[in-house]
Number of protein chains: 2
Amino acid sequence: MLGNPTRDRLAERREASRREIVNAAWSIAREDGLAAVTLREVAARVGMRAPSLYTHFESRNAIFDAMFGQAWRDCVEHMNANLPSTDDLSLREFLKWNTRTFFEFCVSDIARFQLMNQRTIQGFEPSPESYAPSVQALERFREELEPYGLSRQEDIDLYTALLGGLIDAQLANDPGGNRWEKLLDRAVDMYVDGLDLPS
Amino acid sequence: MLGNPTRDRLAERREASRREIVNAAWSIAREDGLAAVTLREVAARVGMRAPSLYTHFESRNAIFDAMFGQAWRDCVEHMNANLPSTDDLSLREFLKWNTRTFFEFCVSDIARFQLMNQRTIQGFEPSPESYAPSVQALERFREELEPYGLSRQEDIDLYTALLGGLIDAQLANDPGGNRWEKLLDRAVDMYVDGLDLPS
DNA sequence: GTCTATATACCGATAGAC
DNA sequence: GTCTATCGGTATATAGAC
């Protein structure tokens with residue numbers, strides 16, 4: 001039955017409705033936080049009543065699940081869209097690029113960051129499908145570090161803690177500012193200088 | 001009227017009730033998270049009905065406020081109780097002590113850490129009185145760094161981001177484990193080596 | 001696919017008796 | 001100071017008409 005035009009149109013409309021619902025959920029989350037994403041409010045923004053959402057999502061958490069997957073796909077896309085012009089970077093230069101690009105993606109949308117990296121919605125666990133893009137992003141990062149000889153788990157753990165700490169501090173203590181953003185290059189220099197890479 | 005024995009006993013009983021309520025709230029938070037701290041559940045654990053709590057606290061957030069203040073007072077106390085045996089420490093040694101001691105305090109109680117350092121309860125803002133101990137803790141930390149010549153805001157910001165990132169990573173990705181705990185000394189070495197202190 | 005109506009289960013907070 | 005009773009609101013989710 002693949003290629004049946006009627007079914008294609010139906011599938012398209014169905015997918016469009018899901019997209020519209022997810023977009024409405026994002027707009028609420030950005031304005032009033034993730035907790036404010038209620039079925040009533042989402043439905044109101046797409047011109048529906050709350051129960052109608054169950055036609056498109058099986059639960060409220062299923063909406064968060066779609067948002068979670070999209071956030072990480074967007075993150076990968078954002079990294080791809082901002083690749084350095086040359087691929088002949090030193091480790092230091094690569095990490096500075098990675099740090100700044102990921103930092104800016106996270107800081108530009110607090111609600112998205114909370115959904116991606118914190119556990120702010122109780123009872124929500126991303127499904128394996130939605131979790132996949134985040135695993136892919138981390139795996140790709142590891143592969144990019146490999147040529148530099150940076151493959152020890154402790155080295156990578158220290159970097160992720162440092163990067164996460166900078167993002168957290170910026171969002172928690174100076175949202176909209178640049179108090180920690182301006183420390184990014186220095187932080188990477190400090191990190192790289194402290195590395196003891198295997199020959 | 002100070003020293004009136006009747007009034008003293010009443011004040012003591014009143015304070016004991018408040019303590020009991022706060023303790024019940026902590027036990028709920030540790031077991032099921034901060035969001036599970038409802039007036040009904042707190043009341044049940046102290047053998048009351050929910051409305052009776054209003055005799056001791058003017059609102060649910062007032063309970064969180066008391067918890068917030070207590071958490072930071074306990075933090076200061078924990079740091080004091082674990083002071084190094086000698087006060088003749090190098091900056092490196094001092095920061096290693098500070099990092100480990102604060103890290104262990106935070107990691108030992110996730111709910112408390114979330115209340116202290118994250119914004120997980122919407123609509124809750126600590127009162128000035130409850131906020132005071134946290135300001136005091138940070139101010140004291142700055143004073144302890146001063147003799148080492150470490151007083152630039154960027155230097156301190158980088159340290160707080162690093163420390164917070166390590167704690168966050170530990171709690172989020174390896175709760176109960178030591179994957180980031182074992183990186184603490186290395187992180188401080190990296191940080192101190194990267195400092196450029198003014199003569 | 002969307003609706004109305006409702007089920008079910010909570011929540012924080014208040015009034016007023018005792 | 002604690003209680004019962006309740007207010008007024010929230011939420012997710014389901015049943016069944018259209």
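Residue numbering restarts at 1 for every chain, and letters A, B, ... go by the order of the sequence lines. This is a predicted model, so every value here is computed, not measured.
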Distance col, row B:L115:CG vs B:M67:CE, nearest 0.5 angstrom, shows 6.0 Å
Here the residues of residues 50-62 of chain A within 4.0 Å heavy-atom distance, strictly under, of DNA chain C are A:P51, A:S52, A:T55, A:H56
Rounded to the nearest 0.5 angstrom, the CG-CG distance for B:L158 and A:L166 is 6.5 Å
Salt-bridge criterion met for A:R100 and A:E181 (N-O under 4.0 Å) = yes
Computed from five pairs at either end and rounded to 10 degrees, the angle between the axes of the helix from C:dG1-D:dC18 to C:dC18-D:dG1 is 10°
With sequence neighbours left out, the residues meeting side chain to side chain contact (heavy atoms under 4.5 Å, CB included) with A:E20 are A:V46
A:R49 CZ to C:dT4 P, in whole Å, measures 5 Å
Indicate yes or no: at least one non-hydrogen side-chain atom of B:F124 is less than 4.5 angstrom from one of B:F68. yes
Within residues 16-32 of chain A, those residues having any heavy atom closer than 4.0 Å to DNA chain C are none
With a 4.0 Å cut-off (strictly under) to non-hydrogen atoms of chain B, the first and last hit nts on DNA chain D, 5' to 3', are D:dG1 to D:dA5
Contacts of B:D109 meeting salt bridge (Lys or Arg N to Asp or Glu O under 4.0 Å) (sequence neighbours excluded), chain-then-number -> B:R30
For residues 141-153 of chain B, the salt bridge (Lys or Arg N to Asp or Glu O under 4.0 Å) pairs (sequence neighbours left out) are B:R140-B:E144, B:R152-B:D155
When clusters are formed by joining ILVMFWY residues with side-chain heavy atoms under 4.5 Å apart, either directly or through shared neighbours, do A:V76 and A:W26 land in the same one? no
Given the options B:Y159, B:F102, B:W97, B:F141 meets ring-ring contact (aromatic ring centres under 6.0 Å, His included) only with B:Y159
Residues at least two apart in sequence or cross-chain that pass side chain to side chain contact (heavy atoms under 4.5 Å, CB included) with A:E93, listed by chain then number, are A:L89, A:S90
Rounding to 0.5 Å, atoms CG (A:D157) and CG (B:D174) come to a distance of 9.0 Å
What residues 121-131 of chain B contributes to the DNA chain C interface at heavy-atom separation below 4.0 Å is none
Rounding to 0.5 Å, atoms CG (A:L171) and CD (A:Q114) come to a distance of 8.0 Å
Hits for salt bridge (Lys or Arg N to Asp or Glu O under 4.0 Å) against A:E41, two or more places apart or cross-chain, chain-then-number order -> A:R45
Sorted by chain and residue number, the salt bridge (Lys or Arg N to Asp or Glu O under 4.0 Å) partners of A:E77 (sequence neighbours excluded) come out as none
Per-pair distances, 0.1 Å, donor-acceptor, side chain in residues 57-64 of chain B, under 3.5 Å, sequence neighbours excluded:
unit_1, atom_1, unit_2, atom_2, d
B:S59, OG, B:N61, N, 3.4
B:S59, OG, B:A62, N, 3.2
B:R60, NE, B:V37, O, 2.9
B:R60, NH2, B:V37, O, 3.1
B:N61, ND2, B:G123, O, 3.1

A:R14 near the nucleic acid: base, sugar-phosphate alone, or nothing, with a heavy-atom cut-off under 4.0 Å? sugar-phosphate
